[in-house]
Enquirer: 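Attaching a single structure in structure tokens format; questions to follow.
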There are 2 protein chains.
Amino acid sequence: MNYKIKSRIWIELDGEEFLGEGKVKLLKAIDNTGSLSKAAKTMKISYKKAWHLLDAVNNSAKKPVTVKSIGGKGGGGTKLTVYGKSLIVNFEEMNEKCWKFLDVQLENIKSL
Amino acid sequence: MNYKIKSRIWIELDGEEFLGEGKVKLLKAIDNTGSLSKAAKTMKISYKKAWHLLDAVNNSAKKPVTVKSIGGKGGGGTKLTVYGKSLIVNFEEMNEKCWKFLDVQLENIKSL
DNA sequence: TTTCGTTATATCCAATCAAATATAGCGATT
DNA sequence: AATCGCTATATTTGATTGGATATAACGAAA
């Protein structure tokens, strides 16, 4: 019996998704590359999709998650704020706790 | 701050989804109506979609989840097995525990 | 043997979603 | 002023999804 239990968590604010796994992954890629377009490339998604994801985050967040610079040396870029970084940490921590919790729950169900 | 944390859980067997919220909802509707087509109507989804969902469950389950009868008085029908009913109960129980767990977790994060 | 409502399945069409492409603006550096 | 890589956005194309529709088989009961 190789049952596995999986989960996805996300955070809603006023009924709309504010943060989920895809957005957290994007924020991490932005943190690593310093640019939205580079983050999209490393994630192998279109710039458009990445831009929409980030746009949704910034539109629903009450504090800025990223700061951008357009033009200039290197063309500009996007960086995470301290708040943005804390979101990543808190989300991933909660996600891992959820997984472990569910693994324990599954152990308790031998009747499957 | 009216953040809400949401989650979806599902069970995989050999890497493919075996049971999720949509499938459980369908199984419950079948249990209530005694027929796949009636279940589809009450859920306001097409028979095709309902059939594919149930087909996926029965193809991946190691024990029969439903028993069907074709023809006869009333045209036939689909009923849950004891195993099928136990799946519903266990899944929903685990789902609710997960929600409560996450609510507690969110309480612990005041930094958001 | 005719009827009935169901299961089962194929086909066509509409809608939705995502990828690809194109274009414009930005501003520090050169 | 020219360049460069990035942000920003619209449009078009392609793929996938799901709905609607049609048809057949089934078997107990009338």
Side-chain angles (χ1 to χ4, degrees), chain A residues 8 10 16-18 20-61 63-81 83-85, chain B residues 8 10 15-61 63-81 83-85:
Chain A
R8 267 186 78 89
W10 66 95
E16 64 198 15
E17 174 175 319
F18 161 61
E21 289 186 11
K23 285 165 182 162
V24 165
K25 191 178 172 188
L26 177 63
L27 290 182
K28 287 177 76 174
I30 290 173
D31 200 27
N32 287 332
T33 60
S35 124
L36 180 55
S37 68
K38 284 179 187 167
K41 277 179 191 164
T42 63
M43 288 177 66
K44 292 178 181 173
I45 63 175
S46 64
Y47 176 84
K48 176 189 174 185
K49 183 172 181 178
W51 184 85
H52 277 296
L53 283 173
L54 183 58
D55 190 54
V57 172
N58 280 322
N59 281 340
S60 55
K63 288 198 278 182
V65 174
T66 56
V67 284
K68 64 190 164 188
S69 63
I70 304 175
K73 178 181 181 181
T78 301
K79 293 182 184 302
L80 294 192
T81 62
Y83 174 62
K85 290 182 184 180
Chain B
R8 267 186 79 90
W10 66 95
E16 63 198 16
E17 175 175 318
F18 160 62
L19 201 63
E21 289 185 11
K23 285 165 182 161
V24 165
K25 191 178 172 189
L26 176 63
L27 291 181
K28 288 177 75 175
I30 290 173
D31 200 28
N32 287 333
T33 61
S35 123
L36 180 56
S37 68
K38 284 179 187 165
K41 277 178 191 163
T42 63
M43 289 177 67
K44 290 179 182 173
I45 61 175
S46 65
Y47 177 84
K48 174 189 175 183
K49 184 173 181 178
W51 185 84
H52 277 296
L53 283 172
L54 183 58
D55 190 54
V57 171
N58 279 321
N59 282 340
S60 54
K63 287 197 280 181
V65 174
T66 57
V67 284
K68 63 188 163 188
S69 64
I70 305 175
K73 179 182 180 181
T78 302
K79 293 182 183 303
L80 294 192
T81 62
Y83 174 62
K85 290 182 183 180

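In what follows, chains carry the letters A, B, and so on, assigned in the order in which the sequence lines appear, proteins first and then strands, with residues in each chain numbered from 1. Only a predicted model underlies this, so the values are computations on that prediction, with no experimental measurement involved.
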Enquirer: For A/I70 and C/dG27, give me the distance from atom CD1 to atom P, rounded to whole Å.
Expert: 8 Å
Enquirer: Can you list the residues that meet the side chain to side chain contact (heavy atoms under 4.5 Å, CB included) rule with B/A50, with sequence neighbours excluded?
Expert: B/L26, B/L36, B/A40, B/I45
Enquirer: Going by heavy atoms in the side chains, are B/V67 and B/T78 under 4.5 Å from each other?
Expert: no
Enquirer: Scan residues 71-78 of chain A against DNA chain D and write down, sorted by residue number, each residue with any heavy atom closer than 4.0 Å; if none is found, say none.
Expert: A/G71, A/G74, A/G75, A/G76, A/G77, A/T78
Enquirer: Between B/L54 and B/I30, is there a side-chain heavy-atom distance shorter than 4.5 Å?
Expert: yes
Enquirer: Under the side-chain hydrogen bond (donor to acceptor under 3.5 Å, both in side chains) definition, can you give me all pairs with a residue in residues 24-42 of chain A, not counting sequence neighbours?
Expert: A/K28-A/E92, A/S35-A/S37
Enquirer: If we ignore hydrogens and angles and just use 3.5 Å, is the side chain of A/D55 paired with the main-chain N or O of A/W51 as donor and acceptor?
Expert: no
Enquirer: Looking at residues at least two apart in the chain, or sitting in another chain, which of them share a side chain to side chain contact (heavy atoms under 4.5 Å, CB included) with B/W10?
Expert: A/K6, A/R8, B/E12, B/E17
Enquirer: Can you name the residues that form a side chain to side chain donor-acceptor pair (under 3.5 Å) with A/S69, not counting sequence neighbours?
Expert: none
Enquirer: Does the side chain to side chain contact (heavy atoms under 4.5 Å, CB included) test come out yes or no for B/V57 and B/T66, once each step is laid out?
Expert: CA-CA 9 Å; B/V57 171; B/T66 57; over 6 Å; no
Enquirer: So if I take residues 20-53 of chain A and measure heavy-atom distances to DNA chain C, which residues fall below 4.0 Å?
Expert: A/S46, A/K48, A/K49
Enquirer: Please list, chain by chain and in numerical order, all residues satisfying side chain to side chain contact (heavy atoms under 4.5 Å, CB included) with B/K48, sequence neighbours excluded.
Expert: B/S46, B/H52
Enquirer: Please list, pair by pair, any protein nitrogen or oxygen found under 3.5 Å from a nitrogen or oxygen in nucleotides 22-24 of chain C.
Expert:
none

Enquirer: Working to the nearest 0.5 angstrom, can you tell me the gap between B/K23 NZ and B/L27 CG?
Expert: 9.5 Å
